[in-house]
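Counting convention: from 1, in listed order, for ligands and their atoms alike. Computed from heavy atoms alone, side chains included, the values below leave out hydrogens, waters and symmetry copies.
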Amino acid sequence: MNWGIIGTGNMGTVIMNALIKSNAVDERNIYVNNRTFLKAYELKEDYPGIHVLQTVDAIADTCDVIFLCTKPKEIVSVAHRLNGQLNEKQLVVSITSSVSVDHLEQLLGCQTARMIPSITNRVLQGTTLLTFGSTITEEMKQMLTQTCKLFSSPLEINDQYVRVASDLVSCGPAFISYLLQSMIKAAQEETGIDEETATQLVETMMIGYGKLLDENLYDLNSLKEKVMVKGGITGEGMKALELCVPNGLNEVFKATHEKFYNEQNHADELVNQLTTKN
Ligand SMILES: NC(=O)C1=CN([C@@H]2O[C@H](COP(=O)(O)OP(=O)(O)OC[C@H]3O[C@@H](n4cnc5c(N)ncnc54)[C@H](OP(=O)(O)O)[C@@H]3O)[C@@H](O)[C@H]2O)C=CC1
Ligand SMILES: O=C(O)[C@@H]1CCC=N1
């Protein structure tokens, strides 16, 4: 089976790495294409077996499964470009929340899915969020799910919760990084500790924190309770944290959803324009 990746930016490369590193796919069965050809070609330094194709049409001719890893607007235009070149045995996968399987089905006559990845898939961890189109075969669904299982914990998600789930799974690493950087900055401002030391302390704490969860020693709540000794110092810090954090986080989800609805409307309009022109 041949696997195609159109767009070898951050996420196209993460997906390619995850497929190869997890042994899900042999690198000789991976075909990539990127708008800036040289960027895709450079991937051969680490993965000499992959094939770099000049056009998306060549990807359509060669691949059984094709991941569209560009920005949302370009996902729609690339899918439109592939129209008429794919058959019902092939699968095209959107990796962004705002381009749905319905959008792909309006543009393409093949099987469709959406698989939202996370940068955590790079180390064969984290979740992938799956949604399947109406014409996907049971066999293809199983094949995609089993493949995702090799580098993540796949979860089938319906459209109602796809954005909030993406916020947690895919935006989460960026949000957590910001919160930790804010913690480092506040530590510096309040005490004068140098940035390098504070960063090192926070990073090693996070690695240990992940391992505690990974080994199922605690869940979020029991971990919090375990550290917060009754009448102790953590509890005092926690009281201050409880005053400043919760409401701010509601705004995060409001903001991502507003942007999502805008992007989704743009995708609707673009798909309508492209399909009524034909
Ligand atoms: N970043 C993340 O953590 C996550 C991102 N996503 C989704 O992944 C998608 C890609 O994001 P990301 O990888 O960060 O973005 P990048 O900008 O890093 O990558 C996009 C890539 O697409 C290429 N490209 C653009 N147009 C075309 C085209 N017509 N044909 C071929 N290649 C093209 C670009 O080429 P060029 O080199 O010329 O710019 C670029 O390499 C987005 O839709 C995003 O929503 C989903 C989950 C997580
Ligand atoms: O918008 C999306 O679907 C993804 C989630 C993180 C970045 N892009």
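Judged purely by atom type and a 3.5 angstrom limit, E88 has no side-chain atom pairing as donor or acceptor with the backbone of G109. Judged by distance alone, with hydrogens and angles left aside, the side-chain atoms of S98 form no donor-acceptor pair with the main-chain N or O of E263 at under 3.5 Å.
Each of the atoms 5 (C), 6 (C) of ligand 2 lies under 4.0 Å from some heavy atom of S170. For ligand 1, the atoms lying closer than 4.0 Å to a non-hydrogen atom of S170 are 47 (C), 48 (C). Taking every non-hydrogen atom of T8 and a distance limit under 4.0 Å, the qualifying atoms of ligand 1 come out as 41 (O). Every atom of ligand 1 is numbered from 1 in the order shown, and the set under 4.0 Å from a heavy atom of P117 is 46 (C), 47 (C), 48 (C). Interface of K39 with ligand 1, defined as ligand atoms under 4.0 Å from a residue heavy atom, comprises 36 (P), 37 (O), 39 (O), 40 (C), 41 (O). Within the listing of ligand 1, atoms 36 (P), 37 (O), 38 (O) sit less than 4.0 angstrom from a heavy atom of T36. For ligand 2 and C171, the ligand atoms under 4.0 Å from any heavy atom of the residue are 6 (C). Residue contact check: R163 has heavy atoms under 4.0 Å from atoms 1 (O), 2 (C), 3 (O), 5 (C) of ligand 2. Close contacts of ligand 1 with P72, meaning ligand atoms under 4.0 Å from a residue heavy atom, involve 43 (O). Per-residue contacts place N33 under 4.0 angstrom from the following atoms of ligand 1 (heavy atoms of the residue considered): 30 (N), 31 (C).
Only one option out of V32, D46, T8, V25 pairs with M16 in a side chain to side chain contact (heavy atoms under 4.5 Å, CB included); it is V32. Here the options are L270, T70, V92, the test is side chain to side chain contact (heavy atoms under 4.5 Å, CB included), and the partner is I75; only T70 passes.
Shortest contact from atom 44 (C) of ligand 1 to any protein heavy atom: T96 OG1, 3.9 Å. Looking from atom 34 (C) of ligand 1 to the surrounding protein, the closest heavy atom is N34 OD1, 3.5 Å. Closest protein heavy atom to atom 8 (N) of ligand 2: T96 OG1, 4.7 Å. Scanning the protein heavy atoms around atom 8 (O) of ligand 1, the nearest turns out to be I95 CD1, 3.1 Å. The nearest protein atom to atom 19 (O) of ligand 1, hydrogens excluded, is given as G9 CA, 3.3 Å; this is a heavy-atom distance. At the top of the distance list for atom 3 (O) of ligand 2, counting protein heavy atoms only, stands S97 N, 2.8 Å.
Residue contacts with ligand 1, taken as heavy atom pairs separated by less than 4.0 Å, involve C69 solely via the backbone atoms N, CA, C and O. Contacts between T70 and ligand 1, counted as non-hydrogen atom pairs separated by less than 4.0 Å, involve both the backbone and the side chain. At a 4.0 Å heavy-atom cut-off, ligand 1 touches R35 through backbone and side chain alike. Heavy atoms of V78 found under 4.0 angstrom from ligand 1 belong exclusively to the side chain. At a heavy-atom cutoff of 4.0 Å, ligand 1 is contacted by the side chain of E74 but not by its backbone.
Salt-bridge annotation for K224 and D219: absent, with no side-chain N of the basic residue lying under 4.0 Å from a carboxylate O of the acidic one. Taking the charged nitrogens against the carboxylate oxygens, K254 and E251 do have a contact shorter than 4.0 Å, which makes a salt bridge. The existence of a salt bridge linking K239 and E236 is confirmed by a sub-4.0 Å separation between a basic side-chain nitrogen and an acidic carboxylate oxygen. The pair E195-K185 fails the salt-bridge criterion, with no side-chain N (NZ, NE, NH1 or NH2) lying under 4.0 Å from an Asp/Glu carboxylate O.
Counting only non-hydrogen atoms, the option in M11, R122, K71, M115 that gets closest to atom 15 (O) of ligand 1 is K71. Counting heavy atoms only, N10 comes closest to atom 14 (O) of ligand 1 of the residues T128, T13, N10.
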* Asked: Stepwise, does the side chain to side chain donor-acceptor pair (under 3.5 Å) test hold for H103 with D268?
  -> CA-CA 7 Å; H103 289 131; D268 287 346; 2.6 Å; yes
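A donor-acceptor pair shorter than 3.5 Å cannot be found between the side chains of H80 and S77. There is no side-chain donor-acceptor pair under 3.5 Å between D64 and N2. At a cut-off of 3.5 Å, with distance as the only test, no side-chain donor of N121 or S152 sits close to an acceptor on the other residue. For the residue pair Y47/N17, the side-chain donor-acceptor check at 3.5 Å is satisfied.
Within a 4.0 Å radius of atom 6 (C) of ligand 2, the protein contributes at least one heavy atom.
Listed here is the closest heavy atom pair of F151 and T128: CE1-CG2, 3.9 Å.
Residue S118 places no heavy atom under 4.0 Å from ligand 1.
Two residues are said to be in side-chain contact when any heavy atoms from C-beta on lie closer than 4.5 Å; T234 and V229 fail this criterion.
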